[in-house]
Amino acid sequence: MKVAERIYIGVAWPYANGPLHLGHIAGAYLAADIFARYHRTKGNEVLMVSGSDQHGTPITIKAEQEGTTPAEIAARYHKQFLENWQTLGISFDLFTTTGTANHAAVVQDMFLTLLKKGYIYKDTVKQAYCPQCQRFLPDRYIEGTCPYCAFVGTRGDQCDQCGKPINTIELISPACRICGDKPEFRDTEHFFLKLSAFQDRLLAWVRKQTHWRPNVLNFTLRYLEDGLKDRAITRDITWGVPIPVSGFENKRIYVWFEAVLGYLSATKEWAKTIGDEERWRTFWQGNSKSYYFIGKDNIPFHTIIWPAMLMGYEGLNLPYDVPSNEFLTIEAKKLSTSRNWAVWVPDYLSRYDPDPLRYLLSVNMPESNDTDFSWQEFFRKNNDELVATYGNLVNRVLTFTFRNFNGCVPEPGELDSASREMIGKAEATIKTTDELLYGCHFKQAIKSAMLLAQEANRYLDGKAPWKTIKQDRQDSATSLYVAIVVLSALKTALYPFLPFSSQKLHEFLGFRGTPQQGGWKLNSPQPGQKMASPSPLFTKLDEELAIEESKRLGSL
RNA sequence: GGCGGCGUAGCUCAGUGGCAGAGCAGGGGACUCAUAAGCCCUUGGUCACUAGUUCAAAUCUAGUCGCCGCCA
């Protein structure tokens, strides 16, 4: 029938200077995982990679505050990320870091190739320098008075008080944040990426990407039409990938140029781990589609800068789609890690199961709008939708069947029109979710699956097998068989979203292996098939806890 | 300040030219297999605001206000 496709899935690289929060999950990781599980179930060849971003100024600042090294901070959070992916069921084929030798080699190869082709050039700029510390200072290492609002603790990149971005040189009475001395501005040499050279090629390419989400496409087009400026890709710092040019030993390649290359370096690392070093080519040079799952703040890096680098390098696949999500607000307010206005993933996982969160964030995914997470809504959706509609459906069908038919799938009699229609709807749902997931319409896909659960509840109510069991055992068996077929459709359709409960249901129905192995189709259980003793898929949560959870927000 | 997006029922969100929608919450009912779950009926809207285009606007255009992001 269909030829298997190759699907490369690159997911945003989380910054290893703090724990993951719900914004990360809703913005990129959950959608990527849903997409990966869906394609694997379809039988397609999937590679999903990412890793922790270990470089950059915030990590060095945090390390200095804690009296430790950037590497230690990065290692600590990297370990935590790996645990969180495991527990949440985010199924990376490889989750590495930007701290590997392999990554540095890939970055330096890109750097030298673009340099040789003339897409990278040297220039001199003025940069803050602290004579006391004898070092150049990144923007965030300088504090002074805001020239616009006179706020005193303004950093060199942006004013927290009035929100205006600042040119470090404009700060009134600037001071080094390390020693408090007055910085000077000195000349320093840096490398620049010649983005302007790609303007026309990028514009022509982007105009053809009509399958991109409208906000991604519009934003990118406008950005390009405004004209691209060359950007500095090196900094006067010591934490990062070294510049492979002599005379630049004390400088490093800046994160935004370096981190995106993780997509490629992670693929090469994956190929080595499976013992087939050249295998990376199947996802980068072969007939493979590249998807990048990121938050909206990252759009220009993935639709402009990264494609420009790939065009300059030549011979590597450009992104096929960049299904960027919007943001998640928490209880109607903007998420803020510094004010602890966030729901932290390790904290969530210490008290609750992964599937209820995956359900809420799927149904309310910020696909085209910012959407809101509130604890009240989380408890409500768990209790009144996930448990009531789906969990209870599974439980009522399985416990009744188990009790009355010796724990086996009942032998159906002839199907009447209502039963045929019910099975038709199950098949239609598999097909609909297939199309929706293929096009990255995650929210619609899970809603259409939940609709099938509602239909099944309605069907059962009409058939009332608990009544017919008394006079017409065959009729009862038939309607339960039909309901079980629907459950089997649901465990497939919901598997990408709710992998843990789908696996349980798969086993309750008497199947071996995983839902993924059944493929993206309706796998009807055989009449007489031995089922496993059922237990509830989900549990109701005490809604009073929502108040307690909300109180945690914002407390430090 | 420039650019892009968003603003729809009490709540969370669909809906991009053709009679304003879903889920939940609220009200009523019949049932009882099931996690007091499920099913049927039902209340509820100035589609942020203003002006336009059109036979017809939540939808297209211009402006205003508010929120989010990017850039300077």
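On a predicted model such as this, the values are computed, not experimentally measured, just so you know. In what follows, every chain begins at residue 1, and chains take the letters A, B, ... in the order their sequences are listed.
With ring centers used as reference points, A/Tyr320 lies under 6.0 Å from A/Tyr291. Checked against the 6.0 Å centroid threshold, A/Trp375 and A/Tyr352 count as a close aromatic pair.
Every residue two or more places apart in sequence or in another chain was checked for a salt bridge (charged side-chain N to carboxylate O under 4.0 Å, His left out) with A/Arg222, and none qualifies. Scored by the salt bridge (charged side-chain N to carboxylate O under 4.0 Å, His left out) test, A/Glu507 finds no partners at all (sequence neighbours excluded). A/Asp230 is linked by a salt bridge (charged side-chain N to carboxylate O under 4.0 Å, His left out) to nothing, counting only residues two or more places apart in sequence or in another chain.
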Tell me which donor-acceptor pairs under 3.5 Å the side chains of residues 389-397 of chain A have, and how far apart each pair is, sequence neighbours excluded?
unit_1	atom_1	unit_2	atom_2	d
A/Thr389	OG1	A/Glu385	O	3.4
A/Arg396	NH1	A/Asn457	OD1	2.8

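Using a 4.0 Å heavy-atom cutoff across all strands shown, A/Leu541 reaches no nucleic acid atom at all. Across all strands shown, A/Pro536 has heavy atoms under 4.0 Å from base atoms, whether or not it also approaches the sugar-phosphate.
In this entry the distance linking CD1 of A/Ile330 with P of B/rC67 reads 19 Å, nearest Å. Atom CG of A/Asp461 is separated from atom P of B/rA34 by 14 Å (rounded to the nearest Å). Rounded to whole angstrom, the span from the CG atom of A/Asn395 across to the C1' atom of B/rA36 amounts to 14 Å. In this structure, A/Gln376 atom CD and B/rC24 atom P are separated by 16 Å, rounded to whole Å. Atom CG of A/Asp384 and atom P of B/rA36 are 12 Å apart (whole Å).
Remark: A/Arg458 is in phosphate contact with B/rC40, judged by side-chain N or O atoms under 4.0 Å from OP1 or OP2. Between A/Lys540 and B/rA36 there is no side-chain polar atom (N or O) within less than 4.0 angstrom of OP1 or OP2. Between A/Lys443 and B/rC13 there is no side-chain polar atom (N or O) within less than 4.0 angstrom of OP1 or OP2.
Remark: A/Glu414 CD is loosely packed, at most 12 non-hydrogen atoms of other residues, nucleotides or ligands lying under 6.0 Å away. More than 12 heavy atoms of other residues, nucleotides or ligands sit less than 6.0 Å from atom CD of A/Gln474. The local environment of NZ in A/Lys333 is sparse, with at most 12 non-hydrogen atoms from other residues, nucleotides or ligands closer than 6.0 Å. Counting heavy atoms of neighbouring residues, nucleotides and ligands inside a 6.0 Å radius, atom CG of A/Asn406 does not exceed 12 of them.
Using the Watson-Crick or G-U wobble rule with both distances under 3.5 Å, B/rA51 pairs with B/rU61. With a 3.5 Å ceiling on both atom-pair distances, B/rG45 lacks any Watson-Crick or G-U wobble partner. Within the shown strands, nothing qualifies as a pairing partner of B/rC31 under the Watson-Crick or G-U definition with both distances less than 3.5 Å. In this structure B/rU16 sits in no base pair that meets the Watson-Crick or G-U test at under 3.5 Å. The pairing partner recorded for B/rG23 is B/rC11, the criterion being a Watson-Crick or G-U wobble arrangement whose two distances lie under 3.5 angstrom. Using N1 to N3 plus N6-O4 or O6-N4 for Watson-Crick, or N1-O2 and O6-N3 for G-U wobble, each under 3.5 Å, B/rA56 pairs with nothing. When both pairing distances are held under 3.5 Å, B/rA36 makes no Watson-Crick or G-U pair with any nucleotide shown. Base pairing of B/rC70 is made with B/rG2, judged by Watson-Crick or G-U wobble geometry with both donor-acceptor distances under 3.5 Å.
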In B/S/- notation (B base, S sugar-phosphate only, - none; protein heavy atoms under 4.0 Å), nucleotides 59-66 of chain B written 5' to 3' is --------
Return the polar atom pairs (N/O with N/O) between nucleotides 3-11 of chain B and the protein under 3.5 Å, or none.
unit_1	atom_1	unit_2	atom_2	d
B/rG4	OP1	A/Arg222	NE	3.0
B/rG4	OP1	A/Arg222	NH2	3.3
B/rG5	OP1	A/Asn218	ND2	3.3

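To the nearest whole angstrom, the two P atoms, one in B/rA48 and one in B/rG10, are 13 Å apart.
Take the nearest nucleotide of RNA chain B for A/Arg231 and for A/Asn364: the residue whose nucleotide is more 5' is A/Asn364. Both A/Asn298 and A/Lys381 lie close to RNA chain B; mapped to their nearest nucleotides by heavy-atom distance, the more 5′-ward contact belongs to A/Lys381.
Here the shortest heavy-atom pairing between A/Pro300 and A/Phe219 reads CD-CE2, 3.6 Å.
The side-chain ring of A/Phe400 is not stacked on the base of B/rC33, judged by centre separation under 5.5 angstrom and plane angle under 30 degrees.
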